There are 2 protein chains.
Amino acid sequence: MREPHHPSCGEFELPAVLHALSDPARLQIVRRLADGDECTCGTFDLGLSKATLSHHFRVLRESGVVRTRPDGRKRMLSLRDDDLNERFPGLLEAVLSAKRPPGVEALL
Amino acid sequence: MREPHHPSCGEFELPAVLHALSDPARLQIVRRLADGDECTCGTFDLGLSKATLSHHFRVLRESGVVRTRPDGRKRMLSLRDDDLNERFPGLLEAVLSAKRPPGVEALL
DNA sequence: GCACCGCTTCGGCAATCATCGAACTGTCGA
DNA sequence: TCGACAGTTCGATGATTGCCGAAGCGGTGC
């Protein structure tokens, strides 16, 4: 299986990364990956079709947020947290730590 | 002049904020504001029409990134950095500190 | 080889977005 | 009162996006 194209760390563009992270479904994917969860494409059950999921994976991959590694007939997804931190220090952490909903417990 | 609606800090939504920041024109606006530059709407010369600029201001305002204060026949724009930092700590700083283009000097 | 599996790619569709010119609103100064 | 000024709002338009089912494609295992 061909390795899909990934931008190098220096090719990352902030608007593209922010746009990739600005979709709730993609945000959920990123959070799952950050939790160290399993990372094949099929493990994401967001109520979306395979085609749509694949689309989101592509947006994340082409912006540099995520890496896709072919492994047999599966594809292993992983966060490019190292590259993101190098290029946009603190961004990923800020996005991930904003998990808490606007509820009261955010004040604790 | 009527004060336009601003979401409260608790109403901020991460995807909306990220989307607001994911447009190059809006990112430029935010950076100018962060530089402490003058802040009436008319001072932004991004090669866009008044109507388009006004649209971008609205996106920024409705997501919580920016505050608009009527002042005579002008409108003073300001970054809601305090509110953003409270709700999404580190996010704004990460976005702003990513100013440097993908050039070599980014490594310094 | 062949069927299955995991995922991508390909149209296509409806919704949203960025953009504009034109018309409008509210404010200030003459 | 009457412009000039600063912005907003109103259509309209073309581009992008999110979504899907169907078809395609490389790997695995029978």
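Numbered from 1 within each chain, the chains take letters A, B, ... in sequence-line order. Just so it is clear, the structure is predicted and the values come from calculations on it, not from any experiment.
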Steps toward side chain to side chain contact (heavy atoms under 4.5 Å, CB included) verdict (A:Thr68, A:His6) = CA-CA 8 Å; A:Thr68 311; A:His6 290 79; 4.0 Å; yes
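Listed here is the closest heavy atom pair of A:Asp83 and A:Arg67: OD2-NH1, 4.0 Å. Nearest heavy-atom pair across A:Lys74 and A:Thr40 is CD-CG2, 4.0 Å. Counting all heavy atoms, side chain and backbone alike, B:Asp71 lies closest to B:Met76 at CB-CG, 3.8 Å. In this structure, A:Pro7 and A:Phe12 approach most closely via the heavy-atom pair O-CE1, 3.7 Å. A:Phe44 and A:Leu77 get closest at one heavy-atom pair: CE1-CD1, 3.9 Å.
Here D:dG18 presents its P atom at 13 Å from CG of A:Leu27, a figure rounded to the nearest Å. One can place NE2 of A:His6 at 14 Å from C1' of C:dT8, the figure rounded to the nearest angstrom. As a whole-Å value, the separation of B:Arg58 CZ from C:dA18 P is 11 Å. Atom-to-atom, CG of A:Asp71 to P of C:dT8 comes out at 14 Å; the value is rounded to the nearest Å. Look at CG on B:Leu46: it is 14 Å from P on C:dA18, rounded to the nearest Å. What separates CD of A:Glu62 from C1' of D:dT16 is a distance of 14 Å, to the nearest Å. What separates CZ of B:Arg61 from C1' of D:dG7 is a distance of 11 Å, to the nearest Å. The interatomic distance linking B:Arg75 (CZ) with D:dC5 (P) rounds to 19 Å, in whole Å.
Atom CZ of B:Arg32 has more than 12 neighbouring heavy atoms from other residues, nucleotides or ligands inside a 6.0 Å radius. Within a 6.0 Å sphere centred on CD of A:Glu93, other residues, nucleotides and ligands contribute 12 heavy atoms or fewer.
For A:Ser49, the side-chain atoms get nearest to D:dC20 when compared with the rest of D:dC20, C:dC20, C:dT8. The A:His56 side chain lies nearest to D:dC19 when the options are D:dC19, D:dT8, C:dC7. Considering only side-chain atoms of B:Lys50, the nucleotide from D:dT8, C:dT9, C:dG21 that sits closest is D:dT8.
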Restricting both atoms to N or O, compile the protein contacts to nucleotides 15-17 of chain C shorter than 3.5 Å, with distance only.
none

Distances for protein N or O near nucleotides 1-5 of chain C N or O, under 3.5 Å:
from  : atom 1 : to      : atom 2 : distance (Å)
C:dC5 : O4'    : A:Arg73 : NH1    : 2.7

Side-chain donor-acceptor distances from residues 15-23 of chain B under 3.5 Å, at least two apart:
from    : atom 1 : to      : atom 2 : distance (Å)
B:Ser22 : OG     : B:His19 : O      : 2.8
B:Asp23 : OD1    : B:Ala25 : N      : 2.8
B:Asp23 : OD1    : B:Arg26 : N      : 3.3

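Close to C:dA18, at under 4.0 Å from its OP1 or OP2, lies no side-chain N or O of B:Thr52. OP1 or OP2 of D:dT9 has not a single side-chain nitrogen or oxygen of B:Ser54 nearer than 4.0 Å.
Take the nearest nucleotide of DNA chain D for B:Thr43 and for A:Ser22: the residue whose nucleotide is more 5' is B:Thr43. Each of A:Ala25 and B:Phe57 lies near DNA chain D, and the nucleotide nearest B:Phe57 is the one positioned closer to the 5' end.
Below the 3.5 angstrom threshold, one finds no donor paired with an acceptor across the side chain of A:Lys74 and the base of C:dG6.
Side-chain heavy atoms closer than 4.5 Å link hydrophobic residues (I, L, V, M, F, W, Y) into clusters, and following such links, even through other members, never connects A:Val59 to A:Leu48.
As judged by a 4.0 angstrom heavy-atom cut-off over every strand, B:Leu53 is placed among residues making no nucleic acid contact.
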